[in-house]
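The structure appears below as structure tokens.
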Amino acid sequence: MASSTEPTRDESKAPLNFIEEIIEEDLRSGRHSSIQTRFPPEPNGYLHIGHAKSICLNFGLAQKYGGKCNLRYDDTNPTSEEQEYVDSILADVRWLGFEPDQVLYASDYFDQLYEWARVLVSKGLAYVDFSTPEEIAAQKGSPTVPGTPTPYRNTPPEENLALLERMKNGEFPDGHCVLRAKIDLASPNMHLRDPYMYRIKHARHHRTGDKWCIYPMYDWAHGQSDSIERVTHSICTLEFAPHRPLYDWFIEQLGIFPSKQYEFARLNLTYTVMSKRKLLQLVQQGYVSGWDDPRMPTISGLRRRGYTPESIREFAQRVGVAKRENIIDVSLLEFCIREDLNRRAPRRFAVLHPLRLVITNYPEDQVEWLETENNPEDPQAGYRTVPFSRELYIEREDFLENPPPKYFRLYPGGMVRLKSAYIVECTGVQKDDYGQITAVLCRYIPESRSGADTSGLKVRGTIHWLSAAHAQTAEVRLYDRLFQVEDPSSEEDFKKALNPNSLQILPNALVEPALLETQPGDHFQFTRLGYFCTDPDSTPAKPVFNRTVTLKDTWAKEAQKQRN
RNA sequence: UGGCCCAUGGUGUAACGGUAGCACAGCAGAUUUUGGUUCUGUUUGUCAGGGUUCGAAUCCUUGUGGGCCAACCA
């Protein structure tokens, strides 16, 4: 064994979050020799960026400390769960870059759970209650008023055992009775006032079919599932903190592996909503095209929007883990994707709002194929050629007849560099009968060609362009934030805060020829415009690109300031 | 007015009784054939009162503010 000259790792110096501190202490004290975590979604919807935080946390912890992390579906409520969601969840976890040690289901443990329920019943710690939900609610009391027992609380264990069996055997209709744990009706913690363990639902389960008509409640499944899997650190969000005493109670009464629950603050993002209920509404009521609409905060939406797994993992890292309620500025997410794509995305020319530009002193039939870099951040990315000719398209906003101060794009009498090509000087404009500019007229400086510039000219502005004869039509979808307010959830009706301009479709944008060979999921930077990716709707005949995020635009800010 | 959790710049997050730091955002400048990138500089903070201590963001206490909990949801 070579003696270690291992350099001090940054990791060991990096500050730990509170869960890492707990884990390191558990490892140091010998409480655990390795850790086991789990990501436990209910398959009743698509995963969103908040789940991504949990996934990165659970899988990340396992990776960091040499432990294991399972994916476990919390499929205890057959009426809201579907195979479609099961499939999408695993796909999203994998896309994020994590492979579960095991893929498991709470429903794997239904038999074991039933046996354990019998154990508690036998010990007089659970009973079958035939009261109506209304009666039980009334008898539960309130946080300041202790509950009172229902008449069924003192049924002898043998009788309860028989009753439970009859429940299981389907002898009672839905809602006829429930199994409750017998704990403490006066507890200030409402979860301890004889919580439900089983309810009757004659419903087909997506995995167990019709085998069961009683299904365990969350509290009677989660901790037990954790324990069965020997989960050492069961990490969940803050709203489950009041459940912890119950989580511990079941484990203690059963004398099974003592998993421990720890709670952290869930992720919130500005200008979006995160609750599955609200996201479901957006989908079902047609405000978005589906769970994977690029404006959705779902993993599948972000993926379609052009976010990369790396950017999302980086984001999860940067937001940290703590117990304080938070709302993360979406600009941090945007920073993460820009940072990633800036390094990797090939640059391409595209003109979203075309304006014709004619170089009057350039030969009519001439075409030059000019070299331009694929990515200035990455020399390995190499070069490609783009066609240059007498008639071009430039971006409409790159020309102004009456430029404001500090505008250094094109204007009458002004000069600008056409990226990777020539410097041109605007000599005039053509207008239609309505006074609309139909073309910008320029003369070019032949000795100013990029890479061989002997003109000695210096210009402030460089703009992108496309040769009119070679430009290809593409559909470009411009996405903006879904909501107009920072925290839509705090609105009376969050749907009223929807941004009416969150999607703008440009059916006739123009792109350079190289973009015809694109595949769905490809990422690009459209030079000077932003990062875009190819949508699944894209075909060779009609490419479709989604704008992931704009480039930072300090000129837009400056122009805005001038307007104010 | 029950129980539990939380409180550090605009937003997050560190500081584990000893100089309040980092990131994003903002602002200013340099570089730039992307008004991008990169680099430099910079504005802004310990909820309040009391206590312990040589020393408190940190410990204690009271208050204030916020969040969660009384689904046959998870």
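Only a predicted model underlies this, so the values are computations on that prediction, with no experimental measurement involved. Per chain, numbering begins at 1; letters A, B, ... match sequence-line order.
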Is the phosphate of [N] approached by [X] (side-chain N or O, under 4.0 Å from OP1 or OP2)?
{"X": "A:Arg199", "N": "B:C73", "result": "yes"}
{"X": "A:Lys552", "N": "B:U37", "result": "yes"}
{"X": "A:Tyr218", "N": "B:C73", "result": "no"}
{"X": "A:Lys458", "N": "B:U33", "result": "no"}
{"X": "A:Lys140", "N": "B:A71", "result": "no"}
{"X": "A:Thr372", "N": "B:U33", "result": "no"}
{"X": "A:Lys323", "N": "B:C68", "result": "no"}

Watson-Crick or G-U wobble partner for [N], using a 3.5 Å limit on both distances?
{"N": "B:C4", "answer": "B:G67"}
{"N": "B:A28", "answer": "B:U40"}
{"N": "B:G12", "answer": "B:C22"}

Go through the N and O atoms of the side chain of [X] and the base of [N], and report whether any donor-acceptor pair is under 3.5 Å.
{"X": "A:Arg528", "N": "B:U34", "result": "no"}
{"X": "A:Arg343", "N": "B:U37", "result": "no"}
{"X": "A:Thr462", "N": "B:U34", "result": "no"}
{"X": "A:Glu377", "N": "B:U38", "result": "no"}

Q: Would you say whether A:Trp555 stacks on B:G35? The test is a distance between ring centres of less than 5.5 Å and an angle between planes of less than 30°.
A: yes

Q. If we take the C1' atom in both B:G35 and B:A30, what is their distance in whole Å?
A. 15 Å

(Q) I'd like the C1' distance from B:G17 over to B:A25, given in whole Å. (A) 33 Å

Is any NZ, NE, NH1 or NH2 atom of the basic residue among [X] and [Y] found under 4.0 Å from an Asp or Glu carboxylate oxygen of the other?
{"X": "A:Asp194", "Y": "A:Lys182", "answer": "no"}
{"X": "A:Arg347", "Y": "A:Glu512", "answer": "no"}
{"X": "A:Asp553", "Y": "A:Lys557", "answer": "no"}

Nearest to the side chain of [X] - [options]?
{"X": "A:Lys419", "options": "B:C24, B:A70, B:U34", "answer": "B:U34"}
{"X": "A:Glu42", "options": "B:C73, B:G35, B:A25", "answer": "B:C73"}
{"X": "A:Asn326", "options": "B:A74, B:G35, B:U13", "answer": "B:U13"}
{"X": "A:Thr554", "options": "B:U34, B:C73, B:G36", "answer": "B:G36"}
{"X": "A:Arg347", "options": "B:G35, B:G36, B:G26", "answer": "B:G36"}
{"X": "A:Ala322", "options": "B:U13, B:G35, B:C24", "answer": "B:U13"}
{"X": "A:Thr144", "options": "B:C5, B:U1, B:G10", "answer": "B:U1"}
{"X": "A:Arg318", "options": "B:U34, B:A74, B:C24", "answer": "B:C24"}

Q. Would you say the side-chain atoms of A:Ser107 and A:Arg207 include a donor-acceptor pair closer than 3.5 Å?
A. yes

Q. Without hydrogens or angle criteria, can the side chains of A:Glu334 and A:Thr548 be said to hold a donor-acceptor pair below 3.5 Å?
A. no

Under 4.0 angstrom, heavy atoms only, what part of the nucleic acid is [X] near: base, sugar-phosphate, or nothing?
{"X": "A:Arg417", "result": "base"}
{"X": "A:Pro78", "result": "nothing"}
{"X": "A:Lys406", "result": "base"}
{"X": "A:Gly451", "result": "base"}
{"X": "A:Leu551", "result": "base"}

**Q.** Ring centre gap for A:Tyr152 and A:Phe130 strictly below 6.0 Å
**A.** yes

Q | Partner of A:Glu339 under salt bridge (Lys or Arg N to Asp or Glu O under 4.0 Å), chosen from A:Lys552, A:Arg344, A:Arg318 | A | A:Arg318

